[in-house]
Amino acid sequence: MPDDCIFCKILEGELPSARIYEDEHTIAFLDINPWTRGHSLVVPRNHSRDLLDASDEDLAHVIAASKRVAGLLRDKLSADGINLLNSCGEAAWQTVFHLHMHVIPRYVDDPLRLPGRPQQTDPEELAELAEEIRA
Ligand code: AMP
Ligand code: ZN
């Protein structure tokens, strides 16, 4: 574990957190700067930097725990929907470099809007791009 990893420190109990769930492989706690009420983070007990660094096993544990946390948020906070978000790399908004999944409860008429805007493309362009990625 890197000395400066805040999520490892939370896992070790060296930093406080508002825990809502834990199991053998993961913990979940409330985000300190929530996007909506109940915005949570699921964090594997093993340190890995991000999606590409993590083992398939840890990723599977994180998804399974995210499903349980989503159920809690639906049942206890009456969430109407859930967004899962993982940021991998600084360019993708990652700020804490210990793998985590955001579990963001959504409420009908909540003000949260994602910044992405769908763009126009055509099937030929998509086929060329798919070829480039597959090659
Ligand atoms: P990301 O930008 O995807 O790396 O997300 C990191 C998240 O961790 C942000 O939403 C922060 O608000 C949250 N965060 C940072 N420090 C803490 C902390 N000590 N306890 C709870 N959440 C934190
Ligand atoms: Zn860590």
Side-chain angles (χ1 to χ4, degrees):
M1 130 184 179
D3 291 343
D4 57 348
C5 176
I6 56 173
F7 288 175
C8 281
K9 287 187 176 153
I10 286 176
L11 279 156
E12 295 296 319
E14 288 171 31
L15 282 178
S17 70
R19 286 196 195 196
I20 57 164
Y21 171 85
E22 59 187 297
D23 61 33
E24 194 186 341
H25 303 286
T26 67
I27 66 168
F29 49 86
L30 297 177
D31 195 296
I32 36 166
N33 294 126
W35 291 10
T36 62
R37 184 166 184 264
H39 179 167
S40 302
L41 302 173
V42 172
V43 174
R45 292 185 188 273
N46 290 329
H47 178 91
S48 58
R49 185 180 163 80
D50 58 29
L51 174 76
L52 294 172
D53 183 42
S55 68
D56 288 357
E57 289 75 17
D58 272 334
L59 291 171
H61 295 315
V62 166
I63 284 291
S66 298
K67 180 182 175 183
R68 302 221 161 80
V69 169
L72 279 175
L73 298 173
R74 178 196 58 195
D75 296 345
K76 302 293 179 69
L77 300 186
S78 304
D80 299 307
I82 302 286
N83 281 121
L84 292 186
L85 173 71
N86 171 256
S87 301
C88 179
E90 249 174 90
W93 312 327
Q94 188 175 5
T95 59
V96 176
F97 292 87
H98 178 132
L99 175 71
H100 53 281
M101 184 72 80
H102 295 257
V103 184
I104 306 170
R106 302 301 307 274
Y107 305 94
V108 171
D109 297 333
D110 73 36
L112 180 57
R113 294 292 175 270
L114 295 176
R117 288 218 194 114
Q119 294 169 38
Q120 297 283 340
T121 184
D122 61 50
E124 221 170 279
E125 221 178 302
L126 289 184
E128 277 173 23
L129 182 57
E131 179 61 34
E132 186 179 335
I133 295 166
R134 277 199 311 265

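Both counts, for ligands and for their atoms, begin at 1 and track the order of listing.
To the nearest 0.5 angstrom, Met101 atom CE is 3.5 Å from Ile63 atom CD1.
Using a 4.5 Å cut-off on side-chain heavy atoms (C-beta onward), Asp31 and His102 make contact. Side-chain contact check for Ile27 versus Tyr21: every heavy-atom pair is 4.5 Å or farther apart. A heavy-atom distance below 4.5 Å is not found between the side chains of Thr26 and Val43.
Around atom CZ of Arg37, no more than 12 heavy atoms belonging to other residues, nucleotides or ligands sit under 6.0 Å away. The environment of CZ in Arg68 is sparse: at most 12 heavy-atom neighbours from other residues, nucleotides or ligands sit within 6.0 Å. The environment of Glu132 atom CD is sparse: at most 12 non-hydrogen atoms of other residues, nucleotides or ligands sit within 6.0 angstrom.
Atom 23 (C) of ligand 1 has as its closest protein heavy atom Ile32 CG1, 3.2 Å. Among all non-hydrogen protein atoms, the one lying nearest atom 5 (O) of ligand 1 is His100 NE2, 3.0 Å. The protein non-hydrogen atom at the shortest distance from atom 4 (O) of ligand 1 is Thr95 N, 2.7 Å. For atom 16 (N) of ligand 1, the closest non-hydrogen atom on the protein side is Ile6 CD1, 3.4 Å. Nearest non-hydrogen protein atom to atom 3 (O) of ligand 1 is His102 NE2, 2.8 Å.
Residue Leu15 does not touch ligand 1, judged by heavy-atom distances below 4.0 Å.
Without hydrogens or angle criteria, Glu14 side chain to Lys9 main chain gives no donor-acceptor distance under 3.5 Å. At distances below 3.5 Å, at least one donor-acceptor pair connects side-chain atoms of Thr36 with backbone N or O atoms of Pro105. Ser40 places a side-chain N or O within donor-acceptor distance of the main-chain N or O of Gly38, the cut-off being under 3.5 Å.
Polar contact with ligand 1: absent for Pro16 (N/O pair, distance under 3.5 Å). Checked against a 3.5 angstrom limit, the closest N/O atoms of Trp93 and ligand 1 fall inside it.
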Next on the checklist: Could you walk me through whether His100 and His98 satisfy the ring-ring contact (aromatic ring centres under 6.0 Å, His included) test, starting with their C-alpha distance in whole Å, then the side-chain angles of each, then the deciding distance to 0.1 Å, before giving a yes or no?
Outcome noted: CA-CA 6 Å; His100 53 281; His98 178 132; 7.9 Å; no
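Less than 4.0 angstrom separates some heavy atom of Ser87 from each of these atoms of ligand 1: 3 (O). Atoms of ligand 1 found under 4.0 Å from any heavy atom of Phe7, numbered from 1 in the order shown, are 8 (O). Those atoms of ligand 1 with a heavy atom of Asn33 less than 4.0 angstrom away are 12 (O). Applying the 4.0 Å criterion to heavy atoms of Val96 picks out, from ligand 1, the atoms 4 (O), 6 (C).
The pair Arg45-Glu24 does not meet the salt-bridge criterion, since no charged nitrogen lies less than 4.0 angstrom from a carboxylate oxygen.
Under the 4.5 Å side-chain contact rule for hydrophobic residues, Ile82 and Ile20 share a cluster.
Closer than 2.8 Å to the Zn ion (ligand 2) sit the protein N, O or S atoms Cys5 SG, Cys8 SG, His47 ND1, His98 ND1.
Closest heavy-atom approach to atom 19 (N) of ligand 1 among the candidates Asn86, Leu30, Ile10: Ile10. When the heavy-atom distances from atom 12 (O) of ligand 1 to Val43, Asp31, Asp50, Ile104 are ranked, the shortest goes to Asp31.
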